[in-house]
Amino acid sequence: MLRRVKDFENYILRARDGDIGKAKEFLFDDHEWTVRYLVVDTGSWLSSRNVLISPHALNPAIDSDDVIPIDLTKQQIEASPTLESDEPVSRQFEQQYHMFYGWPYYGGGPYLWGGSSYLWAGGISSGSAGQSLAADTVPTDEILCREATWDPNLRSTKEVSGYHAQALDGEIGHVEDFIIDEDNWSIRYLIVDTKNWLPGKHVLISPRWIEKCVWDERKVFVSLSRESILQSPEYSPETLNLGYEEKLHEHYNSHGYWENRPGRPEPFAKSAEPVKAAK
């Protein structure tokens, strides 16, 4: 299911034994454009630290109750590795985090979630947090060093919202939001508001159509012309369905990600030519 990031802000995050807060933002890696963590606003509970929840622990949202169930207890979350509010997320922290919960490391294989295109389905038991991982799931120093060849920083959806979007021949607007695929927590689209150029129009840009991101300049460079974006199907939350996506990809002469679902060749291998992320 596709959801806007802003949609998550209204949902309560519910652990096995009680509510822990609301979604504050998502952290995604700028190599694969896949959400790695949800940052929780816990209110007064654990307010001195950032609480990160991996999609490994997220169950499907209960829309009727505005709740996202989390397959963890509050005690597990409180005992997890501490990340102070003003610290960036380092690879060393991620290593400790994944080892604590017993989850495979997403950098340990060729697909979006390491050895698979989808989240590990094993889950964890109420008593397993803190136990050792199997040797083949531990993010080794070799993996960490190899990943240092590309920008290892995690980016915040909250931070990138507002960045300028630049076409091949000029600016087209700014990033307003993101659309996430709950099947594998990849970012399917950036929602771009073009009101300063195309009054009132919102368009969707797939990360596959992004040439590079220059974070220091707060700019996302799109490998499309302004005219092609002008002629693209207008986006609204009500129009987002498979028919709209097919029309959008046909407009840009681009294959749809849905064309390779289970039963066909592996759909979500890591990109051989990742989006460039310039500092």
Side-chain angles (χ1 to χ4, degrees), residues 1-8 25-38 55 106-107 110-113 117-119 147 150-168 171-194 202-226 228-229 232-233 235 240 242 244-261 266-279:
M1 183 174 181
L2 300 182
R3 291 183 187 270
R4 297 176 302 173
V5 165
K6 288 181 179 178
D7 292 339
F8 288 96
E25 59 191 312
F26 289 95
L27 300 181
F28 66 93
D29 76 66
D30 59 16
H31 185 67
E32 301 299 336
W33 289 81
T34 299
V35 169
R36 301 306 182 186
Y37 305 101
L38 184 158
Y106 63 82
Y111 302 111
L112 290 190
W113 291 99
S117 294
Y118 295 91
L119 289 168
E147 291 197 343
W150 55 272
D151 188 349
N153 292 331
L154 296 172
R155 305 294 174 180
S156 161
T157 53
K158 185 176 181 180
E159 173 196 348
V160 178
S161 295
Y163 277 24
H164 295 288
Q166 190 91 4
L168 291 172
E171 186 174 330
I172 58 171
H174 68 272
V175 178
E176 184 176 275
D177 202 357
F178 302 81
I179 294 178
I180 294 173
D181 188 339
E182 287 185 288
D183 281 349
N184 65 351
W185 289 90
S186 60
I187 293 177
R188 291 297 181 201
Y189 304 104
L190 284 69
I191 302 175
V192 176
D193 183 351
T194 66
H202 288 79
V203 297
L204 296 186
I205 300 295
S206 167
R208 292 186 297 171
W209 307 330
I210 294 175
E211 179 185 2
K212 64 180 179 179
C213 299
V214 182
W215 305 115
D216 288 350
E217 297 181 13
R218 298 175 58 85
K219 286 186 177 181
V220 175
F221 289 82
V222 182
S223 55
L224 302 168
S225 70
R226 296 177 74 182
S228 65
I229 296 170
S232 69
Y235 161 78
L240 185 57
L242 182 56
Y244 171 86
E245 290 186 274
E246 289 176 336
K247 186 177 179 181
L248 179 69
H249 282 72
E250 182 180 357
H251 172 76
Y252 289 121
N253 194 27
S254 173
H255 291 291
Y257 62 88
W258 59 86
E259 295 177 8
N260 289 318
R261 285 298 190 180
E266 186 65 55
F268 300 117
K270 291 182 177 180
S271 172
E273 296 182 358
V275 173
K276 301 174 185 176
K279 294 183 178 181

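Source: prediction; values computed, not measured.
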Non-hydrogen atoms of F221 and V214 that approach each other most closely: CE1-CG2, 3.5 Å
So, F8 versus W185, ring centres under 6.0 angstrom or not? yes
When rounded to the nearest 0.5 angstrom, what distance separates OG in S223 from CD1 in I210? 8.5 Å
In sequence, state the C-alpha distance, the side-chain angles, and the governing distance for E217 and Y163, and then conclude on side-chain hydrogen bond (donor to acceptor under 3.5 Å, both in side chains). CA-CA 8 Å; E217 297 181 13; Y163 277 24; over 6 Å; no
Residues L224 and A167: closest non-hydrogen pair is O-CB, 3.2 Å
Roughly how far, to the nearest 0.5 Å, is the OG1 atom of T34 from the CG atom of L112? 4.0 Å
Quick one: closest heavy-atom pair of R188 and P207, and the distance? O-CD, 3.2 Å
Return the orientation label for the Y252 and W209 ring planes: parallel under 30°, perpendicular over 60°, tilted otherwise. tilted
Is it true that the NZ or CZ of R4 lies under 6.0 Å from the centre of F178's six-membered ring and within 45 degrees of the ring axis? no
Side-chain (R155) to main-chain (F26) donor-acceptor, under 3.5 angstrom: no
Begin from the C-alpha positions of E245 and Y189 and carry the test side-chain hydrogen bond (donor to acceptor under 3.5 Å, both in side chains) through to its verdict. CA-CA 10 Å; E245 290 186 274; Y189 304 104; 2.6 Å; yes
Does H164 have more than 12 heavy atoms from other residues, nucleotides or ligands lying within 6.0 Å of its NE2? no
For D177 and K6, indicate whether the former's side chain and the latter's backbone hold a donor-acceptor pair under 3.5 Å. yes
Using modelled atom types only, decide if a donor and an acceptor are shared between the side chain of H251 and the backbone of S228 within a distance under 3.5 Å. yes
